[in-house]
Amino acid sequence: KLLKIYLGGFMKLKLLILSCLLSFSIFADYNLRGSYGFLYNEEISNSALQSGSYELLGEYFIEPLDNISIGFGVAYSWPAEYQSVPTGLNSNPIDSSIPIYGSIIFSILPDSNIEPYLVGRLGYAVINPNKNSTAKNVQGDIYTSLGVGGYYNNFFLEGTYDKIAGYYTLSGKRKDLDFTRFTLRLGYKFDFVNTRSSESFYFPYATEEDLDRSEERRVGKECLRLCR
(Lines give C-alpha, C1' and ligand atoms only; values in the text may rest on other atoms or scores of the structure.)
Protein backbone atom coordinates (compact mmCIF):
# COMPACT_ATOMS: atom_id res chain seq x y z
CA LYS A 1 0.00 0.00 0.00
CA LEU A 2 2.84 2.40 0.87
CA LEU A 3 4.50 1.56 -2.45
CA LYS A 4 1.30 2.44 -4.34
CA ILE A 5 1.09 5.76 -2.48
CA TYR A 6 4.76 6.49 -3.27
CA LEU A 7 4.41 5.64 -6.95
CA GLY A 8 1.17 7.61 -7.19
CA GLY A 9 2.82 10.69 -5.70
CA PHE A 10 5.82 10.30 -8.00
CA MET A 11 3.58 10.11 -11.09
CA LYS A 12 1.68 13.22 -9.99
CA LEU A 13 4.98 15.08 -9.56
CA LYS A 14 6.13 14.05 -13.05
CA LEU A 15 2.84 15.19 -14.57
CA LEU A 16 3.09 18.53 -12.76
CA ILE A 17 6.65 19.09 -14.00
CA LEU A 18 5.65 18.10 -17.55
CA SER A 19 2.67 20.45 -17.59
CA CYS A 20 4.82 23.34 -16.33
CA LEU A 21 7.43 22.72 -19.04
CA LEU A 22 4.81 22.55 -21.77
CA SER A 23 3.27 25.80 -20.50
CA PHE A 24 6.64 27.56 -20.57
CA SER A 25 7.34 26.20 -24.06
CA ILE A 26 4.47 28.33 -25.42
CA PHE A 27 6.62 31.39 -24.80
CA ALA A 28 10.21 30.14 -24.87
CA ASP A 29 12.54 28.64 -27.45
CA TYR A 30 13.04 24.92 -27.15
CA ASN A 31 15.34 22.16 -28.36
CA LEU A 32 15.71 18.41 -28.59
CA ARG A 33 18.99 16.64 -27.77
CA GLY A 34 20.09 13.13 -28.61
CA SER A 35 23.40 11.56 -27.61
CA TYR A 36 25.45 8.39 -27.44
CA GLY A 37 27.39 7.82 -24.24
CA PHE A 38 30.46 5.78 -23.38
CA LEU A 39 30.54 4.59 -19.75
CA TYR A 40 33.82 4.50 -17.80
CA ASN A 41 34.95 3.43 -14.32
CA GLU A 42 31.64 1.77 -13.54
CA GLU A 43 31.21 0.41 -10.03
CA ILE A 44 28.42 -1.28 -8.12
CA SER A 45 28.92 -0.92 -4.36
CA ASN A 46 32.68 -0.40 -4.91
CA SER A 47 33.03 -3.49 -7.13
CA ALA A 48 34.47 -2.51 -10.53
CA LEU A 49 32.81 -3.48 -13.81
CA GLN A 50 34.46 -4.29 -17.11
CA SER A 51 34.76 -1.68 -19.86
CA GLY A 52 32.62 -1.49 -22.99
CA SER A 53 29.29 -0.15 -21.69
CA TYR A 54 27.24 2.45 -23.54
CA GLU A 55 24.11 4.61 -23.26
CA LEU A 56 21.49 6.26 -25.48
CA LEU A 57 19.86 9.49 -24.27
CA GLY A 58 17.07 11.80 -25.46
CA GLU A 59 16.12 15.14 -23.90
CA TYR A 60 13.63 17.97 -24.37
CA PHE A 61 14.60 21.48 -23.21
CA ILE A 62 12.99 24.89 -23.15
CA GLU A 63 15.03 28.10 -22.94
CA PRO A 64 13.25 30.69 -20.79
CA LEU A 65 16.52 32.66 -20.62
CA ASP A 66 19.55 32.90 -22.91
CA ASN A 67 21.83 31.09 -20.50
CA ILE A 68 19.41 28.65 -18.82
CA SER A 69 17.64 25.61 -20.25
CA ILE A 70 15.34 23.36 -18.24
CA GLY A 71 13.79 20.11 -19.38
CA PHE A 72 13.39 16.40 -18.94
CA GLY A 73 14.86 13.29 -20.50
CA VAL A 74 15.16 9.53 -20.55
CA ALA A 75 18.23 7.35 -21.01
CA TYR A 76 18.85 3.67 -21.62
CA SER A 77 22.16 2.10 -20.62
CA TRP A 78 23.68 -1.36 -20.66
CA PRO A 79 26.26 -1.86 -17.88
CA ALA A 80 29.05 -4.40 -18.23
CA GLU A 81 29.83 -7.49 -16.16
CA TYR A 82 31.94 -7.47 -12.98
CA GLN A 83 35.72 -7.62 -13.28
CA SER A 84 35.72 -9.79 -10.16
CA VAL A 85 32.31 -11.10 -9.08
CA PRO A 86 31.57 -10.33 -5.39
CA THR A 87 30.98 -13.18 -2.96
CA GLY A 88 27.48 -14.63 -3.24
CA LEU A 89 26.81 -13.22 -6.72
CA ASN A 90 27.34 -14.97 -10.02
CA SER A 91 26.85 -11.93 -12.30
CA ASN A 92 25.83 -8.28 -12.43
CA PRO A 93 22.32 -7.81 -10.93
CA ILE A 94 21.57 -5.09 -13.53
CA ASP A 95 20.68 -6.06 -17.08
CA SER A 96 19.90 -2.46 -18.08
CA SER A 97 18.84 0.82 -16.47
CA ILE A 98 16.37 3.50 -17.59
CA PRO A 99 16.80 6.86 -15.80
CA ILE A 100 13.83 9.26 -16.14
CA TYR A 101 14.74 12.74 -14.91
CA GLY A 102 14.48 16.49 -14.92
CA SER A 103 17.52 18.51 -15.98
CA ILE A 104 18.97 22.00 -16.08
CA ILE A 105 21.76 23.48 -18.22
CA PHE A 106 23.55 26.72 -17.36
CA SER A 107 25.42 28.16 -20.36
CA ILE A 108 28.57 30.06 -19.43
CA LEU A 109 29.08 31.88 -22.80
CA PRO A 110 25.70 31.57 -24.56
CA ASP A 111 26.56 33.74 -27.59
CA SER A 112 29.99 32.31 -28.43
CA ASN A 113 30.78 29.78 -31.18
CA ILE A 114 32.08 27.35 -28.55
CA GLU A 115 29.51 27.40 -25.76
CA PRO A 116 30.58 25.73 -22.48
CA TYR A 117 27.91 24.77 -19.95
CA LEU A 118 27.19 23.09 -16.63
CA VAL A 119 24.55 20.37 -16.45
CA GLY A 120 22.63 18.69 -13.63
CA ARG A 121 20.05 15.89 -13.68
CA LEU A 122 17.80 14.44 -10.97
CA GLY A 123 15.20 11.71 -11.30
CA TYR A 124 14.34 8.06 -10.82
CA ALA A 125 16.03 5.05 -12.40
CA VAL A 126 14.10 1.96 -13.43
CA ILE A 127 16.32 -1.14 -13.33
CA ASN A 128 15.72 -4.21 -15.48
CA PRO A 129 17.18 -7.10 -13.43
CA ASN A 130 19.53 -9.71 -14.80
CA LYS A 131 17.47 -12.90 -14.70
CA ASN A 132 20.62 -15.04 -14.56
CA SER A 133 21.92 -13.31 -11.42
CA THR A 134 21.55 -14.80 -7.95
CA ALA A 135 20.43 -11.33 -6.77
CA LYS A 136 16.66 -11.08 -6.38
CA ASN A 137 14.15 -8.22 -6.15
CA VAL A 138 16.52 -5.75 -7.84
CA GLN A 139 15.07 -2.23 -7.57
CA GLY A 140 16.23 1.19 -8.74
CA ASP A 141 15.87 4.49 -6.91
CA ILE A 142 17.23 8.05 -7.17
CA TYR A 143 19.28 9.02 -10.23
CA THR A 144 21.70 11.96 -10.12
CA SER A 145 24.12 13.35 -12.68
CA LEU A 146 26.47 16.37 -12.59
CA GLY A 147 28.95 17.49 -15.20
CA VAL A 148 30.27 19.92 -17.80
CA GLY A 149 29.98 20.13 -21.55
CA GLY A 150 30.26 22.34 -24.58
CA TYR A 151 28.42 23.10 -27.83
CA TYR A 152 29.99 23.71 -31.24
CA ASN A 153 27.62 24.19 -34.21
CA ASN A 154 24.92 22.37 -32.21
CA PHE A 155 27.13 19.34 -31.68
CA PHE A 156 28.03 18.78 -28.05
CA LEU A 157 30.53 16.88 -25.95
CA GLU A 158 29.67 16.26 -22.32
CA GLY A 159 31.28 14.56 -19.34
CA THR A 160 29.29 13.68 -16.22
CA TYR A 161 29.51 11.72 -12.98
CA ASP A 162 26.34 9.64 -12.64
CA LYS A 163 24.91 7.67 -9.73
CA ILE A 164 21.95 5.30 -9.48
CA ALA A 165 20.86 4.23 -6.02
CA GLY A 166 18.96 0.99 -5.46
CA TYR A 167 18.96 -2.31 -3.67
CA TYR A 168 18.64 -6.07 -4.15
CA THR A 169 18.06 -9.17 -2.01
CA LEU A 170 20.73 -11.85 -1.62
CA SER A 171 20.17 -14.93 0.57
CA GLY A 172 17.24 -13.20 2.24
CA LYS A 173 19.24 -10.06 3.13
CA ARG A 174 18.75 -6.63 1.60
CA LYS A 175 21.89 -5.05 0.14
CA ASP A 176 22.43 -1.56 -1.24
CA LEU A 177 23.12 -1.16 -4.93
CA ASP A 178 25.10 2.02 -5.61
CA PHE A 179 25.80 2.14 -9.33
CA THR A 180 28.33 4.90 -10.15
CA ARG A 181 30.11 5.78 -13.37
CA PHE A 182 31.73 8.47 -15.50
CA THR A 183 29.97 9.10 -18.82
CA LEU A 184 31.33 10.76 -21.96
CA ARG A 185 28.51 11.76 -24.33
CA LEU A 186 28.58 12.86 -27.96
CA GLY A 187 25.38 14.33 -29.34
CA TYR A 188 23.48 16.90 -31.37
CA LYS A 189 20.97 19.61 -30.41
CA PHE A 190 18.00 20.47 -32.65
CA ASP A 191 16.94 24.10 -32.06
CA PHE A 192 13.41 25.43 -32.52
CA VAL A 193 12.95 29.20 -32.13
CA ASN A 194 9.50 30.23 -30.93
CA THR A 195 7.84 33.07 -32.82
CA ARG A 196 6.53 34.49 -29.53
CA SER A 197 9.07 36.50 -27.59
CA SER A 198 10.00 35.24 -24.15
CA GLU A 199 10.34 38.87 -23.01
CA SER A 200 6.64 39.51 -23.76
CA PHE A 201 5.85 36.73 -21.28
CA TYR A 202 8.11 37.94 -18.52
CA PHE A 203 7.13 41.60 -19.06
CA PRO A 204 3.44 41.60 -20.03
CA TYR A 205 3.27 45.41 -19.66
CA ALA A 206 6.22 46.12 -21.92
CA THR A 207 6.03 49.10 -24.25
CA GLU A 208 5.89 48.79 -28.02
CA GLU A 209 9.55 49.86 -28.16
CA ASP A 210 10.48 47.08 -25.73
CA LEU A 211 8.64 44.52 -27.83
CA ASP A 212 10.39 45.75 -30.99
CA ARG A 213 13.74 45.20 -29.28
CA SER A 214 12.59 41.75 -28.20
CA GLU A 215 11.67 40.85 -31.76
CA GLU A 216 15.01 42.14 -33.04
CA ARG A 217 16.76 40.04 -30.41
CA ARG A 218 14.78 36.95 -31.44
CA VAL A 219 15.63 37.44 -35.12
CA GLY A 220 19.28 38.01 -34.22
CA LYS A 221 19.35 34.81 -32.22
CA GLU A 222 17.91 32.87 -35.15
CA CYS A 223 20.45 34.42 -37.54
CA LEU A 224 23.27 33.45 -35.19
CA ARG A 225 21.98 29.89 -35.05
CA LEU A 226 21.80 29.64 -38.87
CA CYS A 227 25.28 31.18 -39.31
CA ARG A 228 26.75 28.48 -37.06
Colleague: Side chains of Val119 and Ile104: closer than 4.5 Å at any heavy-atom pair?
Modeller: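 No. Closest side-chain heavy atoms not under 4.5 Å.
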Colleague: Classify the side-chain pair Asp162/Ser145 by whether it contains a donor and acceptor separated by less than 3.5 Å.
Modeller: yes
Colleague: Can you see which heavy atom on Asn128 is nearest to which on Tyr76, and at what distance?
Modeller: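 So the two residues come closest at ND2-OH, 3.6 Å.
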Colleague: Within the 4.5 Å heavy-atom criterion, are Ile62 and Ile70 side-chain neighbours or not?
Modeller: yes
Colleague: Is there a path from Phe179 to Val74 through hydrophobic residues (I, L, V, M, F, W, Y) whose side chains come within less than 4.5 Å of each other?
Modeller: no
Colleague: Hey, are the side chains of Ile98 and Tyr143 touching, using non-hydrogen atoms and a 4.5 Å cut-off?
Modeller: no
Colleague: Run the side chain to side chain donor-acceptor pair (under 3.5 Å) check on Tyr152 and Glu115 step by step: do they pass?
Modeller: CA-CA 7 Å; Tyr152 180 73; Glu115 182 182 331; over 6 Å; no
Colleague: Among side-chain atoms of Arg185 and Thr160, is any donor-acceptor pair under 3.5 angstrom?
Modeller: yes
Colleague: For the residue pair Phe72 and Tyr60, is the inter-centroid distance of their aromatic rings smaller than 6.0 Å?
Modeller: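 Yes - the distance between ring centres of Phe72 and Tyr60 falls below the 6.0 Å cut-off.
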Colleague: Would you mind reporting whether Tyr36 and Tyr54 have side-chain heavy atoms less than 4.5 Å apart?
Modeller: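 A side-chain contact under 4.5 Å exists here.
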Colleague: Of the non-hydrogen atoms in Phe61 and Gly71, which two are nearest, and what is the gap between them?
Modeller: CD2-N, 3.7 Å
Colleague: When you group the ILVMFWY residues by side-chain heavy-atom contacts below 4.5 Å and let the links chain together, are Leu56 and Ile100 in the same group?
Modeller: yes
Colleague: Can you list the steps and then say if Leu39 with Glu55 is a side-chain contact (heavy atoms from CB on, under 4.5 Å)?
Modeller: CA-CA 7 Å; Leu39 311 183; Glu55 172 197 74; 4.1 Å; yes
Colleague: Would you say Thr180 and Tyr161 make side-chain contact, with heavy atoms under 4.5 Å?
Modeller: yes
Colleague: Which heavy atom in Pro93 sits nearest to a heavy atom in Leu177, and how many Å separate them?
Modeller: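 Distance-wise, the nearest heavy atoms are CB-CD1, 4.3 Å.
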Colleague: Flag the pair Lys189 and Glu158 as a salt bridge only when some basic side-chain nitrogen lies within less than 4.0 angstrom of an acidic carboxylate oxygen.
Modeller: no
Colleague: Just verifying a value: how many Å separate Arg33 CZ and Leu57 CG, rounded to the nearest 0.5 Å?
Modeller: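 It comes to 7.5 Å.
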Colleague: Do the non-hydrogen side-chain atoms of Leu109 and Pro116 ever get within less than 4.5 Å of each other?
Modeller: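 Yes, close enough: below the 4.5 Å cut-off.
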Colleague: Supply the atom-to-atom distance Ile114 CD1 to Asn153 CG, rounded to the nearest 0.5 angstrom.
Modeller: 9.0 Å
Colleague: Once you round to the nearest 0.5 Å, how far does CG of Leu89 lie from OG of Ser133?
Modeller: 5.0 Å
Colleague: Could you give the distance from CD1 (Ile164) to CD1 (Ile44), rounded to the nearest 0.5 Å?
Modeller: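 Here the interatomic distance stands at 9.0 Å.
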Colleague: Quick check on the 6.0 Å ring-centre criterion: do Tyr188 and Phe155 meet it?
Modeller: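 Between Phe155 and Tyr188, which both carry aromatic rings, the centre distance is below 6.0 Å.
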Colleague: Tell me the closest heavy-atom pair linking Tyr101 and Gly58, and the distance in Å.
Modeller: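 The pair with the smallest heavy-atom distance is OH-O, 4.2 Å.
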Colleague: So do the side chains of Phe156 and Leu186 get within less than 4.5 Å of each other, counting heavy atoms only?
Modeller: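 Counting from C-beta outward, Phe156 and Leu186 never come under 4.5 Å.
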Colleague: With a 3.5 Å cut-off and no angle check, do the side chains of Asp191 and Asn154 form a donor-acceptor pair?
Modeller: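 Result is yes, a qualifying pair exists.
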Colleague: Could you list all the side-chain hydrogen bond (donor to acceptor under 3.5 Å, both in side chains) pairs where at least one residue sits in residues 39-51, not counting sequence neighbours?
Modeller: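 Only Glu42-Ser53 qualify under side-chain hydrogen bond (donor to acceptor under 3.5 Å, both in side chains).
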Colleague: Mind running side chain to side chain donor-acceptor pair (under 3.5 Å) on Asn132 and Ser91 for me, showing each step along the way?
Modeller: CA-CA 7 Å; Asn132 297 321; Ser91 62; over 6 Å; no
Colleague: About how many Å separate OG1 of Thr134 and CG of Asn90, when rounded to the nearest 0.5 Å?
Modeller: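 It is 4.5 Å, given to the nearest 0.5 Å.
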Colleague: Decide yes or no for Ile127 and Asp141: does some side-chain heavy atom of the first lie under 4.5 Å from some side-chain heavy atom of the second?
Modeller: no
Colleague: Throw together a table of side-chain donor-acceptor distances under 3.5 angstrom for residues 77-87, partners on residues two or more places apart or in other chains.
Modeller:
| from | atom 1 | to | atom 2 | distance (Å) |
| --- | --- | --- | --- | --- |
| Ser77 | OG | Ser97 | OG | 2.6 |
| Ser77 | OG | Arg181 | NH1 | 3.3 |
| Glu81 | OE1 | Asn92 | N | 3.4 |
| Glu81 | OE2 | Asn92 | N | 2.6 |
| Gln83 | NE2 | Leu49 | O | 3.0 |

Colleague: If I take atom OH from residue Tyr167 and atom CG from residue Asp178, how far apart are they, to the nearest 0.5 angstrom?
Modeller: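 The OH atom of Tyr167 sits 13.5 Å away from the CG atom of Asp178.
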Colleague: Look only at the side chain of Tyr151 and the backbone of Leu157, and say whether a donor-acceptor pair between them is shorter than 3.5 Å.
Modeller: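 Not a single qualifying donor-acceptor pair exists.
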Colleague: Could you tell me whether Phe106 and Tyr117 have their ring centroids closer than 6.0 angstrom?
Modeller: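 Not under 6.0 Å, so no.
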